[in-house]
K.L.:
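Have a look at this one before I ask anything.
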Amino acid sequence: MRLGYMTNGFGPLVGEGGGVTSVKDIRYLTMGDDEEILKKITETGFRCIEVLEGNLTKYCSDLSVLKDMLQKYSAEMMSVCVGANFIYQDALEDEMFHMETVAKAAREVGVTYAALCGGAIRGKGIQEDDYRLLGKGLDMAAKVFASYGIEASYHPHLGSMAEGPDQIDKLFSQTSIKICPDLAHIAAGGGDPLEVVKKYYDRISFVHLKDLDDNGFAPLGTGRLDIDGVLDYLKKQNYEGDYLVEVDGYAGDPVYACKTSYEFLKGKLI
């Protein structure tokens with residue numbers, strides 16, 4: 001079992017400008033000094049990280065820079081988060097081009113997982129066939145990553161087509177992709193994180209740990225979610241997979257969030 005931390009809590013989230021006019025260049029990016037962020041995370045005790053796709057592909061011209069950075073801090077990149085619309089058929093070819101670009105770079109730095117986010121909501125709202133289209137796009141993306149030895153999963157996310165529990169069920173009936181359950185996103189979308197974990201246990205790729213309070217996402221142990229209940233269930237099921245802590249969108253000090261979450265997991269996963 002490995003335990004990682006997501007770097008996106010250490011800077012604002014943006015989309016690269018080229019994606020506005022070129023679908024193949026759409027990508028998430030955390031603004032900040034990647035090495036300084038890695039240093040802070042590893043000083044806390046975490047040895048694995050997850051990054052947004054742009055924080056990986058920005059090094060495509062010379063991946064040795066990124067690999068040397070990881071080696072310097074005795075860290076590994078466990079996972080990468082990738083976003084796409086998936087439902088627009090004319091754009092799908094270029095979205096898969098983008099998936100392959102990410103997958104190639106991810107393999108070179110030893111990434112294990114790709115957490116896929118997305119499922120665009122149309123201006124006229126979600127159409128019933130959109131779940132089939134999203135499922136088709138996710139299956140295509142999973143095959144791309146699998147060809148590079150990386151396991152892809154879908155991350156149900158606020159602001160996407162799979163936000164609420166009924167939407168999650170509808171989507172996963174249309175795709176064979178694995179799931180990366182994010183406890184706080186599930187709860188904020190109106191679901192019960194433990195029930196979703198139980199229902200989709202056999203399809204879990206890895207787990208995103210995150211807490212939730214009245215102000216939004218929060219460091220582990222400071223919100224209202226029963227994280228211990230989820231961890232206890234997974235232990236009883238002999239779950240041997242990996243965990244990723246994420247505290248994005250948190251208004252407080254990111255170092256505090258990282259340290260607080262690490263301390264919460266002592267005696268549980270550490």
Side-chain angles (χ1 to χ4, degrees), residues 1-19 25-83 98-117 145 148-150 155 180 182 206 208-210 217-220 242-266 269-270:
M1 185 277 293
R2 292 176 298 171
L3 177 63
Y5 199 85
M6 180 70 167
T7 64
N8 66 347
F10 283 84
L13 167 65
V14 300
E16 287 197 4
D25 297 320
I26 292 174
R27 64 204 69 212
Y28 291 127
L29 180 71
T30 300
M31 299 294 287
D33 183 320
D34 293 330
E35 181 170 355
E36 184 62 25
I37 292 170
L38 180 60
K39 181 175 183 288
K40 290 175 180 177
I41 290 172
T42 54
E43 283 179 343
T44 298
F46 292 99
R47 299 261 69 91
C48 299
I49 59 168
E50 177 175 300
V51 301
L52 298 175
E53 60 210 292
N55 296 89
L56 168 61
T57 59
K58 65 190 280 188
Y59 295 98
C60 276
S61 62
D62 188 1
L63 284 167
S64 65
V65 174
L66 179 57
K67 289 191 281 188
D68 289 347
M69 190 189 306
L70 291 166
Q71 185 176 22
K72 178 179 178 180
Y73 295 96
S74 302
E76 62 178 302
M77 188 176 292
M78 187 171 76
S79 48
V80 58
C81 180
V82 188
H98 170 55
M99 296 292 165
E100 187 148 6
T101 299
V102 176
K104 285 179 181 178
R107 180 178 64 181
E108 288 300 309
V109 296
V111 167
T112 303
Y113 307 108
L116 307 183
C117 298
F145 279 100
Y148 288 89
I150 297 167
H155 178 313
C180 173
D182 182 302
F206 70 118
H208 267 205
L209 298 176
K210 184 185 301 179
F217 300 144
L220 299 186
D242 298 319
Y243 295 89
L244 191 285
V245 179
E246 184 182 23
V247 191
D248 55 324
Y250 175 63
D253 178 12
V255 174
Y256 166 81
C258 186
K259 289 181 177 179
T260 300
S261 298
Y262 190 83
E263 290 298 318
F264 173 80
L265 293 172
K266 284 185 175 178
L269 297 179
I270 300 170

K.L.:
So, for Ala114 and Ile150, which heavy atoms are closest and what is the spacing to 0.1 Å?
P.N.:
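Closest heavy-atom pair between Ala114 and Ile150: N-CG2, 3.7 Å.
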
K.L.:
Going by heavy atoms in the side chains, are Asp33 and Phe10 under 4.5 Å from each other?
P.N.:
no

K.L.:
Decide yes or no on side-chain contact (heavy atoms from CB on, under 4.5 Å) for Arg47 and Thr42, but give the supporting numbers first.
P.N.:
CA-CA 6 Å; Arg47 299 261 69 91; Thr42 54; 3.0 Å; yes

K.L.:
Look up atom CD in Glu108 and atom CG in Leu66, then write down how far apart they are to the nearest 0.5 Å.
P.N.:
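The CD atom of Glu108 sits 11.0 Å away from the CG atom of Leu66.
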
K.L.:
Can you tell me how far apart CG (Asn55) and CG (Asn8) are? Round to the nearest 0.5 Å.
P.N.:
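Between Asn55 CG and Asn8 CG, I get 8.5 Å after rounding to 0.5 Å.
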
K.L.:
Over all heavy atoms of both residues, which pair between Leu38 and Ala75 is shortest? Give the atoms and the distance, please.
P.N.:
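Of all heavy-atom pairs spanning Leu38 and Ala75, the closest is CD1-CB, 3.9 Å.
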
K.L.:
Is the CD atom of Glu36 crowded by more than 12 outside heavy atoms at less than 6.0 Å?
P.N.:
yes

K.L.:
So Met99 and Leu116, do their side chains get closer than 4.5 Å, heavy atoms only?
P.N.:
yes

K.L.:
Output the distance between atom SG (Cys117) and atom CG (Leu52), rounded to the nearest 0.5 Å.
P.N.:
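Separation between the atoms: 8.5 Å.
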
K.L.:
Taking all atoms of both residues into account, what is the closest heavy-atom pair of Ala257 and Val247, and its distance?
P.N.:
CB-CG1, 3.9 Å

K.L.:
Are the side chains of Leu13 and Asp248 in touch, meaning some heavy atoms are under 4.5 Å apart?
P.N.:
no

K.L.:
Kindly determine whether Lys210 and Met6 satisfy side-chain contact (heavy atoms from CB on, under 4.5 Å), including the steps that lead there.
P.N.:
CA-CA 11 Å; Lys210 184 185 301 179; Met6 180 70 167; over 6 Å; no

K.L.:
Looking at Val80, is its backbone amide N or carbonyl O close enough to the side chain of Glu53 to form a donor-acceptor pair, meaning the two atoms are under 3.5 Å apart?
P.N.:
no

K.L.:
What's the spacing between Ile37 CD1 and Thr30 OG1 if we round to 0.5 Å?
P.N.:
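If I round to the nearest 0.5 Å, the distance is 6.5 Å.
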
K.L.:
Are Glu16 and Arg27 close enough for a salt bridge, meaning some N to O gap below 4.0 Å?
P.N.:
yes

K.L.:
With distance as the sole criterion, is a donor-acceptor pair present between the side chains of Tyr59 and Asp34 under 3.5 Å?
P.N.:
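A pair is found: one side chain offers a donor N or O, the other an acceptor, under 3.5 Å apart.
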
K.L.:
Testing the basics here: between Tyr250 and Phe217, what is the closest heavy-atom pair and its distance to 0.1 Å?
P.N.:
CD1-O, 3.7 Å

K.L.:
Could you tell me which residues satisfy side chain to side chain donor-acceptor pair (under 3.5 Å) with Lys39, sequence neighbours excluded, listed by chain and number?
P.N.:
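In terms of side chain to side chain donor-acceptor pair (under 3.5 Å), with neighbours along the sequence ignored, Lys39 is linked to Glu43.
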
K.L.:
Taking it one step at a time, do Val102 and Val111 satisfy side-chain contact (heavy atoms from CB on, under 4.5 Å)?
P.N.:
CA-CA 10 Å; Val102 176; Val111 167; over 6 Å; no

K.L.:
Is it true that atom NZ of Lys67 has more than 12 heavy atoms of other residues, nucleotides or ligands lying nearer than 6.0 Å?
P.N.:
yes

K.L.:
Is a side-chain N or O of Asp182 found less than 3.5 angstrom from the main chain of His208, in a donor-acceptor match?
P.N.:
no

K.L.:
For the CZ atom of Phe264 and the CG atom of Leu269, what is their distance to the nearest 0.5 Å?
P.N.:
9.0 Å

K.L.:
State, to 0.1 Å, how close Glu50 and Cys81 come at their nearest heavy-atom pair, and which atoms those are.
P.N.:
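It is OE2-CB, 3.7 Å.
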
K.L.:
Looking only at heavy atoms, which two atoms of Cys48 and Met78 are closest? And how far apart?
P.N.:
CB-CB, 4.0 Å

K.L.:
Is Leu265 close to Leu209 at the side-chain level, that is, under 4.5 Å between some pair of heavy atoms?
P.N.:
yes

K.L.:
Using 0.5 Å steps for rounding, measure from the CD atom of Glu246 to the CG atom of Leu220.
P.N.:
11.0 Å

K.L.:
Answer yes or no: is there a side-chain heavy-atom contact under 4.5 Å between Leu244 and Asp242?
P.N.:
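Not touching, per the 4.5 Å side-chain cut-off.
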
K.L.:
Compare all side-chain heavy atoms of Val245 with those of Leu3 and state whether any distance is below 4.5 angstrom.
P.N.:
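With C-beta onward as the side chain, the pair touches.
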
K.L.:
Once you measure the plane-to-plane angle for Tyr262 and Phe46, does it fall in the parallel (<30°), tilted (30-60°) or perpendicular (>60°) bin?
P.N.:
perpendicular

K.L.:
Got Thr112 and Phe206 here, is their nearest side-chain heavy-atom distance under 4.5 Å?
P.N.:
no

K.L.:
Looking at side-chain heavy atoms only, is the closest gap between His98 and Ile26 below 4.5 Å?
P.N.:
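No, every pair of side-chain atoms sits at 4.5 Å or beyond.
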
